Asker: 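Got a structure for you, questions after.
Chain identifiers are assigned alphabetically (A, B, ...) following the order of the sequence lines, protein sequences preceding nucleic acid strands; residue numbering begins at 1 within each chain. Every value quoted in this text rests on a predicted model; they were computed, and no experiment measured them.
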2 protein chains.
Amino acid sequence: MRPTDTPKVRALPMFVNVSDDTFNRVTGTAYLQRFPAHTTLLLEGDPVDFLYVLLEGQVELQGTWKDKETTLTILRPVSTFILAAVVLDADALMSARTLERCEILMISGDAIRTAMAEDAPFAVAIARELSGCYRGLVRTIKNQKLRGGVERLANYLLTLRAKSGGGDLVHLPHEKRVLAALLGMTPENLSRAFATLGGYGVEVTGADVRLGKLRDLERLARPDPLIDNHAPRGANPSAEADAEVWSTEHQRASGARS
Amino acid sequence: MRPTDTPKVRALPMFVNVSDDTFNRVTGTAYLQRFPAHTTLLLEGDPVDFLYVLLEGQVELQGTWKDKETTLTILRPVSTFILAAVVLDADALMSARTLERCEILMISGDAIRTAMAEDAPFAVAIARELSGCYRGLVRTIKNQKLRGGVERLANYLLTLRAKSGGGDLVHLPHEKRVLAALLGMTPENLSRAFATLGGYGVEVTGADVRLGKLRDLERLARPDPLIDNHAPRGANPSAEADAEVWSTEHQRASGARS
DNA sequence: TTATTGGCTTGATGTCGATCAAGCCAATTG
DNA sequence: CAATTGGCTTGATCGACATCAAGCCAATAA
């Protein structure tokens, strides 16, 4: 990988408490690759030889059945993906494709499995990583099955707000059509959902959204720490260092967050 | 735990390639507990102190939001559950409750985390376990979002058939109301779904189901190795030792399976 | 400039599944 | 035995969301 990328990768939770030796061994044979937009990186059913680390761009993970298709998640830097398949040396259950130009680090699956067997702290880090991914998925399912479209959108906006520091202006990081897929609805219904949220103070101008009447929006959305992974749980100041963001999305060291 | 239970536990994938020393250390402080039917073992949001191993009975994992409720899975012996929360020492994201009288082994979470840090093979086993759970969840989501109710039921029946040896008679292991929850539909719609499948040779008599016209049923169900975890993938005899069954369900050594 | 394209919105309609309301049947209970 | 209960089914209705079909608007290209 490029020298400038090393710190980003070294800072991944997966590597934080790991020896330089193991880190170098695992990433030694890794290589950086650039992909154009709309490129399929991996097709469901394919054997998985590499762990992917997204350093730049956006990647969509999606599943297919009988010419129907569903978006499972959209990743942004810095994220790793298909870790579970790598650990088991199994075939991919979902396809991965770029939404825009991407810069991706590819780490040998063999190297990872070997390092895990030899280095307990590294294996523990991987297990923690996987636990976070698992819990992210549980949250996703609850979000999908327990909430309606408008509620999902409302909570998405609140999550976005929380991640971007808390002002009442947020900027949508995806095209609306992509956002619709992410929220599990059609673009048409996303439009209508935004229209509905107009009654709760949500004003949309292109990709910029103003959340007037935050209070009203929250009363509708009812964000829940057991689904949304932002926002305080009742009155419990316990540690809770979950970085549960699906296939491991990690804030890059940009904005100072309180 | 009881001496008679030891072999069952020792045979869990999580312990197979683990030293006696580690196994004894981890299970040393474990204790066996019996619960009556319809008992809540764990409420979502609770801190998790134990890894649970279901030895007898059935347990439902479910999530709640705004007085709506959804069943995430139903476990049967031998299964472990809430492993991810144990690894992260985090709060439970789902509630667990017994559907019938249960016998459950409770293993200290601390013991597990400590053993992982000291014993790489054990940590690797846990990571593999988690990977399987993760992939089970991915399958669940694809099943939910890509298939309609009738298709889910059809595939459920085919999976059941595969697990019970392949005859054209299968026996439903749950009450229909529970099955409905598991398949993500109401009892009413499960009834109608069964009625629809009548046209595909499915005859229901109480909990016994006969799958006449298997061919027709399969053409409707279109089982897919990337969702259903049974049935052959096209023509690929590769190893694939996934035991991906959600929160780790493992066949007990009863029926000889080919 | 005038076409054209692509992303987004809006309205009309259709479909799937949830809900409401009986009714049925078998098992349990007084 | 009759009465009750609980699980299951069936029909009618409703609501959420998908689909189909225009139409709008801004960016790009001829």
Asker: For B:Q62 and B:T64, which I'm curious about, is there any donor-acceptor pair between the side chains at under 3.5 Å?
Answerer: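 Note: B:Q62 and B:T64 side chains meet the donor-acceptor criterion.
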Asker: In terms of side-chain heavy atoms of B:R177, which of C:dA18, D:dC8, C:dC8 is nearest?
Answerer: D:dC8
Asker: Round to a whole Å and report the spacing from CG of B:L183 to C1' of C:dA18.
Answerer: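 The answer, rounded to whole Å, is 16 Å.
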Asker: Do other residues, nucleotides or ligands put more than 12 heavy atoms under 6.0 Å from B:F50 CZ?
Answerer: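 Yes, enclosed.
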Asker: Show each protein N/O and nucleotides 9-11 of chain C N/O combination with a separation under 3.5 Å, one pair to a line.
Answerer:
residue: C:dT9; atom: OP2; partner: A:S191; partner atom: OG; Å: 2.5
residue: C:dT9; atom: O5'; partner: A:S191; partner atom: OG; Å: 2.8
residue: C:dG11; atom: N7; partner: A:R192; partner atom: NH1; Å: 3.0

Asker: Could you check how far CG of A:D67 sits from C1' of D:dT19, rounded to whole Å?
Answerer: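 Going from A:D67 (CG) to D:dT19 (C1'), I get 15 Å.
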Asker: In whole angstrom, give the distance that lies between atom CD of B:E151 and atom P of C:dT15.
Answerer: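 My rounded result for the distance is 16 Å.
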Asker: Base, sugar-phosphate, or nothing for A:G206, non-hydrogen atoms under 4.0 angstrom?
Answerer: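 Counting heavy atoms under 4.0 Å across all strands, no contact is made by A:G206.
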Asker: Please give, in whole Å, the distance from D:dC17 P to A:L153 CG?
Answerer: 12 Å
Asker: Please state how far atom CZ in A:R147 lies from atom C1' in D:dG15, giving the value in whole angstrom units.
Answerer: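 To the nearest whole Å, that distance equals 20 Å.
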Asker: Testing the basics here: between A:L146 and A:E151, what is the closest heavy-atom pair and its distance to 0.1 Å?
Answerer: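 Between these two residues, the closest heavy atoms are O-OE1, 4.4 Å.
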Asker: Indicate yes or no for a side-chain donor-acceptor contact from B:T98 to the backbone of B:P36 under 3.5 Å, with no hydrogens or angles considered.
Answerer: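 It does hold such a pair.
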Asker: Rounded off to whole Å, could you give me the CD-to-C1' distance for the A:E69 and D:dA18 pair?
Answerer: 16 Å
Asker: Listing request: all ring pair (Phe, Tyr, Trp, His ring centres under 6.0 Å) pairs with a residue in residues 165-190 of chain A, at least two apart in sequence or in separate chains.
Answerer: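 Listed by first then second residue: nothing to list.
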Asker: Quick one: closest heavy-atom pair of A:Y52 and A:L41, and the distance?
Answerer: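 Taking every non-hydrogen atom into account, OH-O, 3.7 Å.
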Asker: Roughly how many Å is it from CD in B:E175 to P in D:dG7, rounded to a whole number?
Answerer: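 About 6 Å, once rounded to whole Å.
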Asker: Atom CD of B:Q144 and atom P of C:dG17: how far apart are they, to the nearest Å?
Answerer: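 These atoms are roughly 10 Å apart.
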